[in-house]
Amino acid sequence: MAVNIRGRHFLTLLDYSPEEIRYLLDLAKQFKNMKRNGVPHRYLENKNIVLLFEKTSTRTRCSFEVAGRDLGMGVTYLDPGSSQMGKKESIADTARVLGRMYDGIEYRGYDQKIVEELAAYAGVPVWNGLTDQFHPTQMLADLLTLEEKFGRLKGLHFTYMGDARNNMGNSLMIACAKMGIHFTACAPKELFPAAELVEKARKIAEENGCTVRLTEDVDEGARDADAIYTDIWVSMGEPDEVWETRIRLLKKYQVNAEVMKKAKSTAIFMHCLPSFHDTRTTIGAQIAEKFGITEMEVTDEVFESRQSVVFDEAENRMHTIKAVIYATLC
Ligand code: CP
Ligand code: NVA
């Protein structure tokens, strides 16, 4: 049966079947080709979308803005703190107001329950641009990048190193399980994903012929991986006080040349970005001064190496987000 996701929300890949994810990836490839070849695709003229951000962003915001404009749409950006939501107006009321004016709503913020509540009341598709629990649009970009590099997804061995119970760890575990990719979370047990989500992921993985593994051992985790992925050690919204413990817990999970050597010789390095791979950021410099480390989740050497595909992932955010907007509105 043909895939049709018109009118659907995009809140987590848990809600999407492998066929639907495949459809979005194929659509993104078509949009990428059109963009590269200068073929106009203003298929959604006269429609408008709103981007509601309660946390900061470079890639997600710019991807939604460019994708929306390429599709011929009007785009409104509401930055953290500039809407009434939460302070003077409830989530349900905000959703009903925006749903009367816009054809789709993107939300980046805190609890997954907020994006779910927006979706329950908006009456138009709501897209999750990152919550504390999930980052589904990033997943499409990462899957597209993996497929571009290896020509397939099924059967690949994917290792995520770092805070495996944050939005990226959770989302990558589900994305891999859905698409038949063997997933390993390599992290201290304090930062393993929640048992309930692991159980769900294992069930999905079983249906799709792959596995979900958790390990504290770096040798075991990195060995023979096709892709090694990491994320920042402290996520947006977490208090500064957690840096000390997080550095202590995650230091040995830094992706460096030694770790990359344990993976396959053809392995790639992935990161959703932004990344602390040097001290050329305010936070990077502060951490260096306070804790004496100049590189965090990944060394500059690996980040800048030929194995690194981080900017392909960043570009693919736009093509895949365009596919999500188009498929849910058309
Ligand atoms: N990867 C990602 O979501 O980046 P931004 O925080 O810049 O949107
Ligand atoms: N875990 C990170 C992802 C950023 C794209 C955060 O939430 O800050």
Side-chain angles (χ1 to χ4, degrees), residues 10-13 28 49 51-68 75 77-80 106-112 114-115 127-146 160-175 185-187 191-194 197 229-243 246-247 249-250 253-255 269-277 280-284 287 296-298 303 308-322 324-325:
F10 191 74
L11 307 184
T12 156
L13 283 197
I49 59 172
L51 316 180
L52 188 51
F53 278 77
E54 295 199 297
K55 287 176 179 169
T56 52
S57 168
T58 298
R59 277 144 292 272
T60 310
R61 177 200 173 165
C62 296
S63 296
F64 270 97
E65 290 224 14
V66 174
V75 181
Y77 170 68
L78 292 174
D79 67 12
E106 182 274 358
Y107 171 79
R108 163 172 288 199
Y110 296 91
D111 204 280
Q112 183 76 7
I114 300 175
V115 80
W127 308 298
N128 178 1
L130 179 147
T131 60
D132 291 344
Q133 288 80 28
F134 293 111
H135 195 5
T137 60
Q138 178 75 47
M139 293 309 102
L140 294 179
D142 294 339
L143 290 170
L144 180 59
T145 309
L146 277 167
Y160 175 82
M161 301 190 66
D163 181 0
R165 33 107 265 181
N166 74 7
N167 40 23
M168 289 304 305
N170 290 343
S171 303
L172 286 164
M173 179 169 68
I174 299 301
C186 184
L191 299 176
F192 277 174
L197 193 65
Y229 200 116
T230 190
D231 182 19
I232 48 170
W233 289 344
V234 175
S235 287
M236 287 182 277
E238 293 196 288
D240 285 348
E241 298 74 70
V242 303
W243 272 110
R246 215 50 73 69
I247 290 170
L249 283 173
L250 288 174
Y253 298 91
Q254 179 191 64
V255 180
F269 167 71
M270 303 180 78
H271 194 311
C272 54
L273 305 182
S275 160
F276 293 122
H277 57 96
R280 289 186 293 173
T281 60
T282 319
I283 295 176
I287 296 295
M296 287 190 251
E297 74 277 5
V298 56
F303 186 90
S308 174
V309 299
V310 298
F311 298 110
D312 295 312
E313 293 172 80
E315 177 190 336
N316 284 338
R317 296 297 310 284
M318 199 278 288
H319 306 300
T320 46
I321 280 173
K322 195 181 281 176
V324 172
I325 297 174

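Read the numbers this way: they start at 1 and go in the same order the structure lists the ligands and their atoms. These numbers were taken from a predicted model, which means no experiment stands behind them.
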Proximal ligand 2 atoms for [X], defined as those under 4.0 Å from one of its heavy atoms:
X    : value
S235 : 1 (N), 2 (C), 6 (C), 7 (O), 8 (O)
N166 : 1 (N)
I232 : 8 (O)

ask   = In terms of side-chain geometry, is the basic nitrogen of D132 or K55 positioned less than 4.0 Å from the acidic oxygen of its partner?
value =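 Looking at K55 together with D132, the answer is yes, because their closest N to O distance falls below 4.0 Å.
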
ask   = Could R317 and E313 be called an ion pair, given the rule that one side-chain N must be under 4.0 Å from one carboxylate O?
value =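 Salt bridge: no.
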
ask   = Is M236 close to ligand 2, meaning an N/O of one under 3.5 Å from an N/O of the other?
value =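 In this structure, M236 places an N or O atom under 3.5 Å from an N or O of ligand 2.
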
request  = Please determine if N167 has a nitrogen or oxygen closer than 3.5 Å to a nitrogen or oxygen of ligand 2.
outcome  =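 It does: an N or O of N167 is found under 3.5 Å from an N or O of ligand 2.
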
message = Going by ring-ring contact (aromatic ring centres under 6.0 Å, His included), name the residues that satisfy it together with F53, two or more places apart in sequence or in a different chain.
response =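 Scan of F53 (ring-ring contact (aromatic ring centres under 6.0 Å, His included), adjacent residues dropped) gives Y77.
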
ask   = Considering residues at least two apart in sequence or located in another chain, which fulfil the ring-ring contact (aromatic ring centres under 6.0 Å, His included) criterion with H277?
value =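 Counting only residues at least two positions away or on another chain, H277 forms a ring-ring contact (aromatic ring centres under 6.0 Å, His included) with F303.
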
key: Top protein contact for atom 4 (C) of ligand 2, by heavy-atom distance   =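 So the nearest neighbour among protein heavy atoms is L130 CD1, 3.9 Å.
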
inquiry  = Looking at non-hydrogen atoms alone, which of D231, T60, L273 comes nearest to atom 5 (C) of ligand 2?
reply    =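 Looking at heavy atoms only, the winner is L273.
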
task = Consider only side-chain N and O atoms of T145 and N316, and report whether a donor and an acceptor are under 3.5 Å apart.
result =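 Distance-only check passes for T145 and N316.
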
task = Could you list the residues that satisfy side-chain hydrogen bond (donor to acceptor under 3.5 Å, both in side chains) with T131, not counting sequence neighbours?
result =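 Counting only residues at least two positions away or on another chain, T131 forms a side-chain hydrogen bond (donor to acceptor under 3.5 Å, both in side chains) with Q112.
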
Residue shell around ligand 1, heavy atom under 4.0 angstrom =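 Contacting ligand 1 under 4.0 Å are S57, T58, R59, T60, R108, H135, Q138, C272, L273, R317.
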
Shortest non-hydrogen contact between P274 and I232, atoms and distance =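 Taking P274 first and I232 second, the nearest heavy atoms are O-CG2, 3.3 Å.
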
key: V66/M318 under side-chain contact (heavy atoms from CB on, under 4.5 Å): CA gap, chis, key distance, verdict   = CA-CA 7 Å; V66 174; M318 199 278 288; 4.0 Å; yes

ask   = Near I247 CD1, under 6.0 Å, is it more than 12 heavy atoms from other residues, nucleotides or ligands?
value =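 Yes, because the 6.0 Å sphere around CD1 of I247 holds more than 12 heavy atoms from other groups.
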
